[in-house]
Amino acid sequence: MRLRYPSPMRLLIVEDDEVLADSLVRAMRAAGYATDHAGDGELALALLRDGGFDLAILDLGLPRLDGLEVLRRLRGLRLPTPVILLTARDRVEDRVRGLDLGADDYLTKPFSLAELEARARALLRRGQGGQPLLCCGDLSYDTTVRQAFVSGQPLELSSRELSVLETMLLRQGKAVSKEALIESLCTYGEEMTPNAIEVYVHRLRRKLEPAGVGIRTLRGLGYLMDNAPDAP
Ligand code: CA
């Protein structure tokens, strides 16, 4: 199943940490979203109020206006833009308050870009009335609970293998470079070598064989996932 939108979905990243914001913006643009960035709460609220965004990814600790206040005012204006909160691991009360205020989902820092992409896609599809299942051959993948199935049976995957699978499934039939895989796999600030990627791909390839799903190595280009019967 390939996902095609008539026009790119518009995302707003609200994050004051410039390095993190930059990596989020680059990843979401690479995933095909028209992505804008706001580094403080006031700007974020102004941009969201103008409308046109399909999703906001909202950090909580922000200058000028904190994330919970942005969310409270947004919902006070009856703006239904879906919101994913970025929260710190030790701030459970913020998470609860955020969900009470009308956030749709949250991610705890540090998170992988693949996980953010999967959550974003699930929310965007929900907004479009779609279903959160990605399929290839006898493989199906539920993006909301992050579980893969082969012929309906749950498939055991490590969290790294899961991230590789998500990234490859979302770009099914297209070449995915090692660099793109590293970028989507790594939690912000983490390092990973191309050799490590080869190991995860190798393991995943073996696990996907029974589903008739192949991951081909394209010399110089990266990898391609499909269910072509002659995949080497
Ligand atoms: Ca922050």
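The structure displayed is predicted, hence computed values, not measured ones. We count ligands from 1, going down the list as the structure has it; atoms in each ligand are counted the same way.
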Reported CG-to-CZ distance for the pair L162 and R160, which is rounded to 0.5 angstrom: 11.5 Å
Result of checking I13, L58, I57, V14 against L86 for side-chain contact (heavy atoms from CB on, under 4.5 Å): I57
Residue among E198, R205, H202 satisfying side-chain hydrogen bond (donor to acceptor under 3.5 Å, both in side chains) with T217: R205
R91/E93 ion pair, N-O < 4.0 Å: yes
Closest D16 atom to the Ca ion (ligand 1) [N, O or S only]: OD1
Heteroatom test (N, O or S) for G61 near the Ca ion (ligand 1), limit 3.0 Å: yes
Which N, O or S atom of D59 lies nearest to the Ca ion (ligand 1), by name: OD2
